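Note that the coordinates shown come from a computational prediction; the quantities given were computed from them, not determined experimentally. Along the sequence shown, residues carry numbers from 1. Whatever order the structure lists ligands and atoms in, that order sets their numbers, starting from 1.
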Amino acid sequence: RAKRSGRARWQLFDATMHSQAMNRLTLEDEIRTSLLAGDFVAHYQPVVALADRTVVGHEALVRWQHPRRGLLSPAEFLPIAEDSGLVVGIGRAVLERVCTALAANPDAGGTISVNVSAVELGRDGWADGFIATVERHGVDPSRLVVEVTETAVLSLSPDTIRGLVAVRDLGVGLHVDDFGTGFSSIALLRDLPVSGLKLDASFVTGLDDGVRGAANLAGGLAGLVAHLGLTGVAEGIETEAQADALNRQGWLHGQGYLFGPPAPWPAWPARQG
Ligand code: C2E
Ligand code: MG
Ligand code: MG
Ligand code: MG
């Protein structure tokens, strides 16, 4: 009996594996089709100065306008896009849209940040492609920021770091995303020409959950960021109490539902001065 139920379990396992593989292939095919159709769009979430809540920039966050399933968030397709390498095409599509938005609004102030994964950065020629796109659109490079997660930074090869340095030399900002969740915090600040750090939302949530040490950590990191002359951006701010605490700690910029959700078009601030 044990044997029979064992076999049944295997058959079930097989069937599940099979359907997962099919789903995966279907999804990859749909991504390919959607890349050609222009179904990958960017939504833009405001980044504000915590002191006075003025908009200082936006983060571009990819969305898939799926022909049947509606608007999909990165969690629903990025893992497979990264595994299959299709994220490279998605990243290009997002950068195209961001550069188009910037070029159409040369008199607006503020930056747009784009997220770049380790898979994209690891491709030969990523930096050359990025720079060529920025130049083709005639976009001021200082209006762009590249966000790389702290975890991705761990896997960067010397070639990739050289590419990031070239992008930085052009005047593009470089922010370490989800800061505080990886293990490379200090060495990466030495090896990479970073211009800013984004404090991971888990630290911000901890501020009102009373997580022991959360306030000390966020405050201490703000000091480090200021000492290094970097821009500090706190992510995932949902309450006034969090915004106030982070502002008092010295976090310069903030982002979160409190200030505005990701939306289809950036709310451009007027250029200062
Ligand atoms: P991330 O870069 O850390 O982006 C922040 C995420 O937090 C976004 O999720 C955003 O919508 C969400 N968020 C913003 N404010 C709040 C808040 O107040 N509370 C909470 N709970 N969440 C908030 P989203 O858009 O689903 O993106 C998830 C991740 O997908 C991003 O994390 C980023 O790592 C990745 N991603 C997004 N767009 C791209 C892209 O164009 N290329 C690549 N390679 N990765 C991307
Ligand atoms: Mg980001
Ligand atoms: Mg983040
Ligand atoms: Mg994240």
Side-chain angles (χ1 to χ4, degrees), residues 31 34-35 39-48 50 55 57-65 71-101 111-123 126 129-130 133 144-153 155 160 173-182 194-209 218 221 231-243 246 251 253-264 266:
I31 292 176
S34 273
L35 278 171
D39 293 337
F40 288 94
V41 299
H43 278 194
Y44 300 87
Q45 184 177 36
V47 180
V48 305
L50 284 176
V55 175
H58 292 83
E59 176 174 10
L61 294 156
V62 68
R63 298 290 181 263
W64 181 3
Q65 188 62 66
L71 199 65
L72 302 184
S73 286
E76 298 180 77
F77 60 86
L78 262 193
I80 282 178
E82 289 187 355
D83 281 356
S84 58
L86 289 166
V87 71
V88 172
I90 295 175
R92 284 195 195 117
V94 170
L95 185 63
E96 277 296 326
R97 291 193 181 270
V98 166
C99 286
T100 302
T111 53
I112 297 185
S113 305
V114 294
N115 294 282
V116 183
S117 63
V119 176
E120 297 165 76
L121 288 171
R123 285 298 164 99
W126 173 82
F130 186 96
T133 304
L144 278 164
V145 176
V146 168
E147 294 189 7
V148 184
T149 65
E150 195 179 45
T151 316
V153 165
S155 66
T160 307
L174 176 60
H175 287 189
V176 177
D177 206 351
D178 302 350
F179 187 71
T181 58
V194 163
S195 61
L197 297 183
K198 298 192 77 173
L199 180 69
D200 189 66
S202 57
F203 292 90
V204 174
T205 310
L207 287 177
D208 21 62
D209 291 355
L221 289 172
T231 303
V233 187
E235 287 191 275
I237 303 176
E238 296 183 357
T239 68
E240 289 291 345
Q242 292 167 348
L246 291 159
W251 287 94
H253 295 164
Q255 195 180 338
Y257 297 154
L258 179 66
F259 312 116

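- Closest to the Mg ion (ligand 3) among the N, O or S atoms of Asp178 is OD1.
- Not a single N or O atom of Gln255, backbone or side chain, sits closer than 3.5 Å to an N or O atom of ligand 1.
- Ligand-side atoms of ligand 1 in range of Gln45: 14 (C), 15 (N), range being under 4.0 angstrom from any heavy atom.
- Among the heteroatoms counted here (N, O or S) of Glu59, OE2 is the one nearest to the Mg ion (ligand 2).
- Any N or O atom pair closer than 3.5 Å counts here, and Ser73 shares no such pair with ligand 1.
- Contact between Glu82 and ligand 1 is absent, with no heavy atom of the residue lying under 4.0 Å from the ligand.
- Using modelled atom types, no side-chain atom of Trp64 and backbone atom of Ile31 make a donor-acceptor pair closer than 3.5 Å.
- One finds the CD atom of Gln45 at 6.5 Å from the CG atom of Leu61 (value rounded to the nearest 0.5 Å).
- Under the 4.0 angstrom criterion for non-hydrogen atoms, Arg63 is in contact with ligand 1.
- Residues passing the salt bridge (charged side-chain N to carboxylate O under 4.0 Å, His left out) test with Glu120: none are found, sequence neighbours excluded.
- Checking only distances, Asp177 does come within under 3.5 Å of ligand 1, N or O to N or O.
- Ligand 1 has an N or O atom lying under 3.5 Å from an N or O atom of Asp178, backbone or side chain.
- The contact set between ligand 1 and Pro262, taken as ligand atoms under 4.0 Å from a residue heavy atom, comprises 11 (O).
- One finds the OH atom of Tyr257 at 14.0 Å from the OG1 atom of Thr239 (value rounded to the nearest 0.5 Å).
- With Lys198 as the fixed residue, the side chain to side chain donor-acceptor pair (under 3.5 Å) test singles out one of His253, Glu147, Glu150: Glu147.
- Evaluated by nearest non-hydrogen atom to atom 42 (N) of ligand 1, the leading choice among Val204, Leu61, Val41, Asn115 is Asn115.
- For Glu147, the N, O or S atom closest to the Mg ion (ligand 2) goes by the atom name OE1.
- Residue Gln255 forms a side-chain contact (heavy atoms from CB on, under 4.5 Å) with just one option from Ile237, Val48, Leu50, Val47, and that option is Val47.
- The shell of residues lying under 4.0 angstrom from ligand 1, judged by heavy atoms, includes Gly236.
- Near Leu78, with a cut-off below 4.0 Å to any heavy atom, the atoms of ligand 1 are 30 (O), 35 (C), 36 (N), 45 (N), 46 (C).
- Ligand-side atoms of ligand 1 in range of Glu120: 44 (N), range being under 4.0 angstrom from any heavy atom.
- Rounding to the nearest 0.5 angstrom, the gap separating the CG atom in Leu78 from the CG atom in Leu72 is 11.0 Å.
- Looking at Asp177 and the Mg ion (ligand 3) together, the shortest N, O or S contact belongs to OD1.
- Within the structure, side-chain hydrogen bond (donor to acceptor under 3.5 Å, both in side chains) pairs that include any residue of residues 89-101 comprise Glu96-Arg136, Glu96-His137 (at least two apart or interchain).
- The two residues Tyr44 and Ala60 have their closest heavy-atom pair at CE2-CB, 4.0 Å.
- For the atom pair CG of Leu246 and CD of Glu235, the computed distance is 11.5 Å after rounding to the nearest 0.5 Å.
- Those atoms of ligand 1 with a heavy atom of Glu238 less than 4.0 angstrom away are 17 (C), 18 (O), 19 (N), 20 (C), 21 (N).
- Here the straight-line distance linking atom CD1 of Ile90 with atom CZ of Phe77 works out to 5.5 Å at 0.5 Å rounding.
- Here atom 24 (P) of ligand 1 lies nearest to Pro74 when heavy atoms of Pro74, Gly256, Ala75 are compared.
- Contacts with ligand 1 closer than 4.0 Å are made by side-chain heavy atoms of Glu235 only, the backbone lying farther away.
- Of the candidates Thr149, Leu199, Asp200, Thr181 forms a side-chain contact (heavy atoms from CB on, under 4.5 Å) with just one, namely Asp200.
- Atom CG of Leu144 and atom CD1 of Ile112 lie 7.5 Å apart (nearest 0.5 Å).
- Against a heavy-atom cut-off of under 4.0 Å, Val94 is close to the following atoms of ligand 1: 41 (O).
- When only interatomic distances are considered, the shortest N/O to N/O separation between Leu258 and ligand 1 does not fall below 3.5 Å.
- Residue Asn115: an N/O/S atom is found under 2.8 Å from the Mg ion (ligand 2).
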